[in-house]
Amino acid sequence: MFDSNIRTVVVVGAQWGDEGKGKLVDVLAERADWVVRYQGGANAGHTVHIGDRSFVLHQVPSGILHGGVRCAIGNGVVLDPETLFHEIDGLVAKGVDVEGRLYVSERAHLVLPYHKVMDKASAASKEIGTTGRGIGPAYEDKSARRGVRVLDLRWPERLREQVTRGVAHANARLEASGSDHRASVDDTMALLEQLAPRLLAVADDVSLCVHTAIKSGAAVLLEGAQGSLLDVDHGTYPFVTSSNTTAGGAATGVGIGPRAIHAALGVVKAYTTRVGNGPLPTEFDEPLQTQVRTLGNEFGATTGRARRCGWFDDVVVRYAARVNGLTGLAVTKLDVLDTLDRIAICTAYEVDGERYTEFPADVALLDRAVPVLEWHDGWKADTTTARTLEDLPSAARKYLDRMESLIDVPIAYVSVGTRRDQIIEGRTVGA
């Protein structure tokens with residue numbers, strides 16, 4: 001992926017999240033100098049398997065599992081400091097060296113306890129199917145200019161004023177929702193005072209750090225959370241997250257110019273999944289739903305919720321390729337399809353007698369969409385030991401070739417298992 005012309009790469013999910021971005025970042029991080037998270041919060045869950053050990057990372061970038069790689073959390077992230085340090089302590093307990101390798105943007109906004117209570121009490125959040133981790137309310141406070149940033153912990157008097165405003169707003173919302181819970185200024189301040197020394201010790205101007213690294217010729221990976229179809233502007237609104245998950249969010253979420261990004265790698269499953277409510281045009285019926293969910297272990301790393309599964313949706317991924325400017329694809333979980341007799345690709349939607357080949361913005365149309373399916377023979381063979389494209393069964397190669405031709409983006413990687421070594425390098429990716 002990295003060469004003399006490609007030094008800064010953004011890795012994005014090109015479906016509804018859970019595509020396997022953590023594994024791809026882990027694989028690419030071996031050749032990187034920096035890995036930087038640019039949006040989202042503790043609602044993300046990237047699972048990386050190394051040997052017989054599994055690491056679930058929520059806020060710490062996946063590159064932390066490679067010694068010598070520097071990791072940063074950008075200003076576009078809403079940071080849960082309690083969860084962050086719990087995650088760091090868990091990594092250290094497993095022998096991962098974190099000291100001096102993790103930087104947190106001083107401009108990042110904090111997810112505070114009252115954000116989580118508000119999230120869980122919100123009827124709208126329940127309807128949309130959020131994780132209840134306080135992400136939406138934290139981004140809302142950020143946009144309303146009443147948020148608390150990491151750098152505010154340096155100034156206790158100003159911090160108390162900001163927390164007082166945040167708590168007053170939270171309690172008004174909780175009372176209006178009929179919740180019995182109430183936030184406390186003193187309790188919130190006590191927590192922040194406890195966390196401040198440790199958080200300020202890793203706080204830095206991440207924008208400047210990454211800019212300097214790029215200018216020096218360092219290899220930089222920009223890591224997103226969720227997927228393109230959950231982008232607050234470009235996703236299936238309102239069934240979306242509260243941030244820009246697409247590649248454009250990488251520049252603003254880290255604090256670099258768009259010209260500093262040389263390539264965009266889109267990660268997709270060989271089929272489609274999503275968690276929570278919202279449209280999924282290619283969703284399986286039973287018993288195939290349970291079969292694929294079980295084969296793929298499709299349960300959320302953060303919430304444990306069962307993911308909804310469906311056929312690969314070319315309409316979705318072509319749209320994601322366009323809004324992200326994808327220069328390459330990474331296809332994950334090809335092995336999950338090994339036992340299926342027939343496999344389909346959705347190439348268009350039929351809505352009320354009209355055919356749509358481009359992804360519509362209106363979820364009401366998607367709710368009525370009937371997928372137009374193109375059927376392919378299954379390969380009925382084990383792909384988990386393949387390490388080159390030539391090792392794959394011919395039917396699997398044909399399936400990948402068809403995906404590539406429909407999307408018009410080269411496939412750079414194919415994952416055939418959960419382990420770090422179960423990866424196939426495909427075509428060279430350039431800008």
Side-chain angles (χ1 to χ4, degrees), residues 33-44 57-64 68-93 96-116 133-135 137-139 141-142 145-167 170 183-213 220 222-223 225 243 252-256:
D33 300 301
W34 283 80
V35 177
V36 187
R37 172 81 178 276
Y38 64 82
Q39 52 75 225
N43 55 338
L57 303 171
H58 298 280
Q59 295 179 104
V60 177
S62 304
I64 203 70
V69 176
R70 295 185 179 184
C71 296
I73 296 173
N75 56 274
V77 173
V78 286
L79 183 74
D80 184 334
E82 286 186 284
T83 301
L84 175 68
F85 292 123
H86 178 75
E87 188 174 335
I88 290 172
D89 291 342
L91 288 168
V92 172
V96 178
D97 180 17
V98 179
E99 186 68 28
R101 296 178 51 218
L102 180 65
Y103 305 76
V104 174
S105 173
E106 60 187 3
R107 292 180 171 90
H109 281 246
L110 298 180
V111 176
L112 298 174
Y114 53 79
H115 291 132
K116 300 176 191 177
R133 300 299 176 102
I135 306 303
Y139 274 117
D141 275 3
K142 176 179 179 177
R145 302 172 185 83
R146 57 173 169 264
V148 175
R149 297 189 293 174
V150 172
L151 63 85
D152 294 323
L153 301 185
R154 298 188 180 116
W155 313 104
E157 290 186 9
R158 185 174 76 189
L159 177 64
R160 178 171 279 274
E161 292 176 0
Q162 291 170 296
V163 168
T164 300
R165 288 198 298 272
V167 165
S184 162
V185 173
D186 289 339
D187 289 348
T188 306
M189 285 297 299
L191 174 65
L192 291 176
E193 287 166 5
Q194 174 191 346
L195 296 172
R198 198 173 179 187
L199 188 54
L200 291 174
V202 295
D204 211 327
D205 186 341
V206 165
S207 170
L208 179 59
C209 291
V210 176
H211 171 79
T212 302
V220 178
L222 306 177
E223 176 184 22
S243 61
T252 56
V254 174
I256 58 174

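A distance of 9.5 Å separates CG in L208 from CD in E106, rounded to the nearest 0.5 Å. Between the CG atom in L199 and the CD atom in Q194 there is a gap of 12.0 Å [rounded to 0.5 Å]. R107 contributes atom CZ, which lies 12.0 Å from atom CG of D152 (distance to the nearest 0.5 angstrom). Expressed to the nearest 0.5 Å, how far NE2 of H58 lies from CZ of R133 amounts to 6.5 Å. Note: Y114 OH to D187 CG = 12.5 Å, rounded to the nearest 0.5 Å. Taken to the nearest 0.5 Å, the NE2 atom of H86 stands 10.0 Å off from the CG atom of L91.
Within the 3.5 Å criterion, the main-chain N or O of G40 finds a donor-acceptor partner in the side chain of Y139. Of the possible donor and acceptor atoms, one in the side chain of R37 sits under 3.5 Å from a partner among the backbone N and O of Q39. Within the 3.5 Å criterion, the main-chain N or O of A138 finds no donor-acceptor partner in the side chain of D141.
V77 and G41 make their closest contact through CG1-CA, 4.3 Å (heavy atoms, listed as atom of the first residue, atom of the second, distance). Listed here is the closest heavy atom pair of H115 and P137: O-CG, 3.5 Å. When all heavy atoms of P61 and E223 are compared, the closest pair comes out as CA-OE1, 3.2 Å. Scanning all heavy atoms of the two residues, the minimum distance from T83 to A42 falls at CG2-CB, 4.1 Å. In terms of heavy-atom proximity, C71 sits nearest to G63 at SG-C, 3.5 Å. L110 approaches L192 most closely through the heavy-atom pair CD1-CD2, 4.0 Å.
Other residues, nucleotides and ligands contribute only 12 or fewer heavy atoms inside 6.0 Å of the CZ atom of R70.
Under the side chain to side chain contact (heavy atoms under 4.5 Å, CB included) test applied with I73, the options V206, L84, V36 reduce to a single match, L84.
Two residues are said to be in side-chain contact when any heavy atoms from C-beta on lie closer than 4.5 Å; Q59 and D80 meet this criterion. Contact check for E87 versus I64: no side-chain heavy atoms found under the 4.5 Å cut-off.
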Can you check side chain to side chain contact (heavy atoms under 4.5 Å, CB included) on R160 and D186, steps first, answer last?
-> CA-CA 9 Å; R160 178 171 279 274; D186 289 339; 3.3 Å; yes
